[in-house]
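For clarity, every value in this text was computed on a predicted model and none was experimentally measured. For reference, positions follow the sequence shown, starting with 1.
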Amino acid sequence: MQDVLIVGAGIGGLTAALELAQRGIACRVFESAPEIKAVGVGINILPHATQVLAGHGLVPSLQKVAVETAEAAFFNRFGQLIYREPLGRRAGYASPQFSIHRGDLQTILLDAVKAKLGADRLHLGWHLTSFEQDEQQVTLKFKNGESRQGSALIACDGIHSVVRQQLYPKEGEPRYSGINMWRGVTRWKPVLGGATMTRAGWLKIGKLVHYPIRDNIDAEGRQLVNWLWEIETPDYKRWDWNRQARVADFIAGAEDWRFDWLDVPAFLRAADVVLEYPMVDKDPLPAWSFGRVTLLGDAAHPMYPRGSNGAGQAILDARELSLCLADEPEVAKALKNYEAKRLAPTANVVLENRRNPPDAILREVFERSGNQPFENIDSVISQEELKALSDRYKQVAGYDQRSLQGMR
């Protein structure tokens with residue numbers, strides 16, 4: 001069989017290369033950028049995704065650069081605790097949950113791909129412009145004038161996927177949620193035990209997400225902390241991971257957020273970097289696989305970053321894709337089998353991220369309390385109802401305990 005051709009050397013593309021290589025399927029990776037840089041800021045790797053990466057021996061590398069997340073905690077805008085729950089191994093999972101800089105994860109995956117496949121299998125500065133296929137092969141055409149043939153094309157080229165655009169030329173731009181996001185990293189002393197994923201406030205007035213992604217980064221014992229400020233905003237600029245912004249653009253709504261565990265305005269003003277982009281996704285597609293071509297990760301199912309799930313779903317895609325190609329010698333049928341396994345579950349996550357992601361807990365308390373402090377959280381909402389909201393999302397996203405036990 002000819003090489004499987006992967007377009008995009010992000011988290012999904014690099015994981016797909018490792019998964020295919022593990023099953024003896026030759027592949028090549030083509031990346032548009034001339035060099036791979038550490039773009040973006042922090043992300044989370046949930047237990048179902050860590051379980052896949054563990055199969056490549058990557059957990060020790062992750063432990064060296066990431067923070068193993070111990071718990072989630074939800075607060076109102078007055079800093080009052082609403083709900084907390086253990087995460088990862090603290091919650092009884094066999095695999096840990098990690099909070100990590102996107103660039104650190106990409107570097108770990110890139111080093112593993114070079115070691116397993118060889119550096120000559122990674123092609124940088126190759127920007128795909130189009131593809132064509134017949135019954136025997138698929139042909140990729142690149143901006144540099146080169147073309148390459150292979151047995152299959154796996155499009156891991158993100159939310160602005162060239163391949164998706166060719167498959168669905170009338171689809172249009174991503175769908176704006178009405179929520180704008182500012183995102184950054186700040187060097188700060190550990191809070192709440194130093195391994196907590198924290199969410200506070202609500203989108204109508206401003207919502208803070210806060211979690212550490214590197215430990216002990218200096219002599220003061222500070223952490224590198226990833227944060228997001230999200231708020232309902234009618235206007236937005238086109239989606240871009242790297243648009244620079246200023247804290248002054250949004251901090252007015254957080255000026256009085258001074259809690260006993262965090263001085264929010266001081267924390268935000270101490271940021272090393274601030275990026276701005278709108279919260280967008282796309283409607284689920286009716287199909288991903290067409291002959292020898294398929295989509296993976298954000299190219300297939302871009303979703304709101306509200307459930308710590310985008311990278312994880314791409315990693316799960318990569319695993320299922322490799323299993324289907326290993327199990328079925330007819331490429332087009334294998335890609336349809338992959339679609340059958342992954343399209344519906346990821347569509348459910350996309351839609352659940354719109355309706356009831358984990359931060360729906362904050363929405364419920366905001367609405368029921370009228371955005372006022374409470375005497376006792378049980379007078380607003382029961383712990384059983386809060387747990388049910390959290391557990392429902394785990395089930396939809398496929399990382400409840402029962403789902404992980406059934407992973408092949």
Side-chain angles (χ1 to χ4, degrees), residues 1-37 39 106 109-110 113-114 116-171 282 285 287-302 314 317-318 320-322 324-326 328-339 342-343:
M1 187 169 77
Q2 291 177 292
D3 291 344
V4 171
L5 307 180
I6 298 169
V7 173
I11 293 165
L14 294 173
T15 306
L18 290 174
E19 285 287 308
L20 291 169
Q22 189 173 60
R23 289 165 182 81
I25 300 171
C27 63
R28 291 185 179 274
V29 181
F30 297 87
E31 167 57 41
S32 181
E35 59 178 317
I36 295 179
K37 297 180 180 179
V39 299
Q106 193 169 14
L109 292 171
L110 183 63
V113 166
K114 289 178 178 177
K116 186 169 282 192
L117 281 71
D120 61 323
R121 292 260 157 183
L122 178 67
H123 306 270
L124 302 181
W126 287 60
H127 178 73
L128 182 73
T129 56
S130 65
F131 69 88
E132 56 189 39
Q133 62 176 315
D134 56 32
E135 291 184 2
Q136 281 72 46
Q137 64 183 12
V138 61
T139 300
L140 278 56
K141 298 182 178 181
F142 296 91
K143 190 176 181 180
N144 60 11
E146 299 279 353
S147 62
R148 290 292 183 270
Q149 288 76 41
S151 62
L153 163 58
I154 313 303
C156 307
D157 51 343
I159 194 170
H160 296 304
S161 169
V162 172
V163 177
R164 181 169 173 148
Q165 172 65 22
Q166 186 171 332
L167 294 173
Y168 291 94
K170 297 181 180 180
E171 183 180 30
K282 289 190 173 184
L285 293 173
W288 298 347
S289 299
F290 299 82
R292 295 177 174 271
V293 178
T294 198
L295 306 173
L296 185 150
D298 279 351
H301 46 73
D317 288 349
E320 193 60 54
L321 172 74
S322 70
C324 289
L325 283 169
E328 171 54 62
E330 187 179 327
V331 170
K333 186 179 290 186
L335 297 185
K336 273 298 181 186
N337 291 343
Y338 154 70
E339 175 191 294
R342 293 294 299 153
L343 191 151

If you define the side chain from C-beta out and look only at heavy atoms, does anything of K282 sit under 4.5 Å from H301?
no
E320 versus C324: any side-chain heavy-atom pair under 4.5 Å?
yes
Test item: L124 and P34 side chains (from C-beta on) under 4.5 Å apart, heavy atoms:
no
Minimum heavy-atom distance D3-A26, with the two atoms named
OD1-CB, 3.3 Å
Can you list the residues that meet the side-chain contact (heavy atoms from CB on, under 4.5 Å) rule with E330, with sequence neighbours excluded?
E328, K333
Would you say that L296 contacts R342 through its side chain, given a criterion of any heavy-atom pair below 4.5 Å between the two side chains?
no
Please identify each residue that fulfils side chain to side chain donor-acceptor pair (under 3.5 Å) with E132, with sequence neighbours left out.
K141
Heavy-atom distance under 4.5 Å between the side chains of V7 and V162, does that happen here?
no
Within this structure, what is the CD1-CD distance for the pair I6 and E31, rounded to the nearest 0.5 Å?
12.0 Å
Gap between atom CZ of F30 and atom NE2 of H123 - 0.5 Å precision:
4.5 Å
Could you pull out all residues at least two apart from E146 that satisfy side chain to side chain donor-acceptor pair (under 3.5 Å)?
R148
Where is the tightest heavy-atom contact between V331 and A152, given as atom of each residue plus distance?
CG1-CB, 3.8 Å
L295 and Y338 have their tightest heavy-atom pair at O-OH, 2.8 Å
Please report the C-alpha distance between L325 and N337 in whole Å, then the side-chain angles of each, then the deciding distance to 0.1 Å, and finally whether the side chain to side chain contact (heavy atoms under 4.5 Å, CB included) criterion is met.
CA-CA 9 Å; L325 283 169; N337 291 343; over 6 Å; no
Side chains of H160 and D298: any donor to acceptor distance under 3.5 Å?
no
Does K116 NZ have over 12 foreign heavy atoms under 6.0 Å away?
yes
Can you tell me how far the CG atom of L122 sits from the NZ atom of K114, to the nearest 0.5 Å?
6.5 Å
Could you walk me through whether L167 and F131 pass the side chain to side chain contact (heavy atoms under 4.5 Å, CB included) check?
CA-CA 10 Å; L167 294 173; F131 69 88; 3.8 Å; yes
Below 3.5 Å, can you tabulate the donor-acceptor pairs from side chains in residues 8-18 to any protein atom, sequence neighbours excluded?
from, atom 1, to, atom 2, distance (Å)
T15, OG1, I11, O, 2.7

What are the two closest heavy atoms between Q133 and V293, and how far apart are they?
NE2-CG2, 3.6 Å
Heavy-atom pair of closest approach, residues R164 and P302
NH1-CD, 3.6 Å
With sequence neighbours left out, write down each residue that passes side-chain contact (heavy atoms from CB on, under 4.5 Å) with Q2, or none if nothing qualifies.
Q137, Q149, S151
If we only count heavy atoms from C-beta on, is the L20 to C27 side-chain gap below 4.5 Å?
yes
Should the pair D134-R292 be classified as a salt bridge under the 4.0 Å nitrogen-to-oxygen rule?
no
Can you tell me how far the CD atom of Q166 sits from the CG atom of L153, to the nearest 0.5 Å?
9.0 Å
To the nearest 0.5 Å, what is the distance between CD (E171) and OG (S161)?
9.5 Å
Can you tell me how the ring of W126 sits relative to the ring of F142, calling it parallel under 30°, perpendicular over 60° and tilted otherwise?
perpendicular
Using side-chain heavy atoms (C-beta onward) and a distance below 4.5 Å, is I36 in contact with Q106?
yes
Does a side-chain heavy-atom distance below 4.5 Å link L5 with I154?
no
Which heavy-atom pair separates S147 from T139 by the least distance, and what is that distance?
CB-CG2, 4.2 Å
side-chain contact (heavy atoms from CB on, under 4.5 Å) partners for D120, two or more places apart:
none
Measuring from E19:CD to D317:CG, what's the distance to the nearest 0.5 Å?
11.0 Å
